[in-house]
There are 2 protein chains.
Amino acid sequence: MTGPGSEVLPADGPTVENVLALLREHGGRTTSAKRLLVEVLMASGGHRSAEQLAGQVHSRAPDVHLTTIYRNLDELERLGVVARTYAGHGPATYHLSTAPHGHLVCDACGLIAEVPAAVFGGLVGAVREQYGFTVSPEHLALAGRCVSCIREEAEGG
Amino acid sequence: MTGPGSEVLPADGPTVENVLALLREHGGRTTSAKRLLVEVLMASGGHRSAEQLAGQVHSRAPDVHLTTIYRNLDELERLGVVARTYAGHGPATYHLSTAPHGHLVCDACGLIAEVPAAVFGGLVGAVREQYGFTVSPEHLALAGRCVSCIREEAEGG
DNA sequence: TTCGATGCAAATAGTTTGCATTCTA
DNA sequence: TAGAATGCAAACTATTTGCATCGAA
């Protein structure tokens, strides 16, 4: 059950057609705006704001409105295709949901690094046992300072 | 060195006068708006948005503008008296910096629970060793689902 | 009497919504 | 051709900024 008719996306990352098929299964229609957005999401790989994604889409289709980007990102998030991460202040960032992972967000330079689930697996388990709280790895974002900013701060001031 | 002239606030929680003294040490002036904000922060205890704090302040001084609340919260944050937590979407929340702790933010009902530093101490250490990234415990917010919402979702649908 | 603090208005960033129109299935 | 998707404008939320005035030290 991994063909275009499947409810579940392949574990090694979905193709554009997989995602569009998933959309159709849920009553959605295939449009060029959606196809482009998904392509851009796959090409960029990393964490992008809605505006950055819009910029990429615009280079190929200038008429796609930012509103449409937001609406389609919402839909893709509901379907579990993309994950939204809030990096403190500034815009939310979107990326394809692949393997579960968390994020390190540097307060100083804005860098977003990914950490594999294994690193915080213990925490997630402990929190569930002790607090009955189920952490969503996809949204996990730890704020702090990256190496370079720590170093700069130590040297500069 | 824990008197009004000290740079460091008492470990068991500052008093209103402690905070005002700290402000004065840093060139700030004592105003009724600041005193009230600090009082409200201490009375409420939990995590409040700027608007909620303004509401509390207004009940005693309706003329204090929301802008002033923001400006004073900024200043208190710079001094390390309050910590700001971004709970995903919605407004940032502010609370007194006491013992280091993280937050569990329920995506469904918005509940914010505190967890002692010990729970995620291992994570913070691992992340520092493996990624050179220093997590700020004060800003640590894990998104997910609290017990009651998980239960409701399981029952309801 | 100086300079920080405030009130007010307005700007800003990011995101959402309403509605008429367009286009897919 | 019904209903989903879009473009556009406008609203909206949270926050910041500019500027004249006020008030603490």
#### Entry: Sequence neighbours excluded - side-chain hydrogen bond (donor to acceptor under 3.5 Å, both in side chains) pairs with any residue from residues 111-121 of chain B
B:His47-B:Glu114, B:His101-B:Glu114
### Summary
Protein-proximity profile, nucleotides 19-25 of chain C, B/S/- by nucleotide at the 4.0 Å heavy-atom cutoff, equals -----BS
### Query
If you walk 5' to 3' along DNA chain D, what is the first nucleotide with an atom under 4.0 Å of a heavy atom in chain B, and what is the last?
D:dA14 to D:dA25
How would you list, by chain and number, every residue that makes a side-chain contact (heavy atoms from CB on, under 4.5 Å) with [X], sequence neighbours excluded?
X       : answer
B:Leu36 : B:Val57, B:Arg60, B:Ala61
A:Ser49 : A:Glu51, A:Gln52, A:Pro91
B:Val16 : B:Leu20, B:Arg35, B:Val38, B:Glu39, B:Met42
A:Thr68 : A:Ala33, A:Val64, A:His65, A:Asn72

### Query
To the side chain of B:Lys34, which of C:dA5, C:dT16, C:dT15 is closest?
C:dA5
Any N/O pairs under 3.5 Å between the protein and nucleotides 9-14 of chain C? List them or say none.
none

Can you list the residues that meet the salt bridge (charged side-chain N to carboxylate O under 4.0 Å, His left out) rule with [X], with sequence neighbours excluded?
X       : value
A:Glu77 : A:Arg84
B:Glu75 : B:Lys34
B:Arg48 : none

#### Entry: Gap between atoms CD and P, on A:Gln52 and C:dT15 respectively (whole Å)
11 Å
#### Entry: Integer-rounded Å distance: C:dT6 P and B:Ile69 CD1
9 Å
### Net bend of the helix from C:dT1-D:dA25 to C:dA25-D:dT1, end axes of five pairs each, nearest 10 degrees
30°
### Task
Check whether any side-chain heavy atom of B:Leu53 lies under 4.5 Å from a side-chain heavy atom of B:Leu41, and answer yes or no.
yes
